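Note that the coordinates shown come from a computational prediction; the quantities given were computed from them, not determined experimentally. Indexing begins at 1, ligand by ligand and atom by atom, following the structure's order. The residues of the chain are indexed from 1 along the displayed sequence.
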Amino acid sequence: MKFDALIQSGDWKGEKHVPVIECPDEVASGQVFTITVSVGKEIPHPNTTEHHIKWIKLFFKGEDEKFPFELGSFEFTAHGEHVGGPNTGPAYSEPCATVKVKLNKSGTLLAISYCNIHGLWENSKEIKVK
Ligand code: FE
């Protein structure tokens with residue numbers, strides 16, 4: 001068994017678990033820009049104590065690089081937990097995070113997310129650096 005057999009994918013417009021990567025298609029080399037990763041942009045994912053998105057990780061692989069680089073790792077840790085019982089808490093973290101990045105070569109952004117009951121999901125986006 002390998003990880004790739006466990007990581008699911010799909011069109012984020014029809015599958016609520018697929019992480020969405022939002023950033024410009026093209027950026028200037030060495031210039032800071034913003035990337036937002038989220039789950040549930042089109043179809044909201046449940047956010048309850050029993051069922052929620054636990055984390056999203058974002059990587060970059062340069063076009064001629066062998067290995068990916070981790071750009072950010074985002075944990076979503078409040079899902080209605082409370083001493084009074086599940087889903088009675090006052091706080092719910094939504095699965096959305098923003099990171100500022102500089103790149104100096106073109107490549108691929110890759111996101112992987114984890115739902116506590118539906119497992120691992122991935123998506124990717126090409127980015128051109130000029
Ligand atoms: Fe789920």
In short, side-chain hydrogen bond (donor to acceptor under 3.5 Å, both in side chains) pairs touching residues 68-77 with sequence neighbours left out are K57-S73
Residue pairs meeting side-chain hydrogen bond (donor to acceptor under 3.5 Å, both in side chains), one or both in residues 120-130, sequence neighbours left out, come to D25-K125, T108-E126
Near the Fe ion (ligand 1), meaning under 2.8 Å, the protein N/O/S atoms are H17 NE2, H45 NE2, H51 NE2, C115 SG, H118 ND1
The residue among L71, V37, V101 that forms side-chain contact (heavy atoms from CB on, under 4.5 Å) with L109 is L71
Grouping ILVMFWY residues whenever side-chain heavy atoms fall under 4.5 Å, the cluster of M1 otherwise contains L6
Quiz item: Taking the inter-plane angle between the rings of H51 and H118 on a 0 to 90° scale, is it parallel (under 30°), tilted (30 to 60°) or perpendicular (over 60°)?
Solution: perpendicular
- Side-chain donor-acceptor contact under 3.5 Å, N87 with E81: no
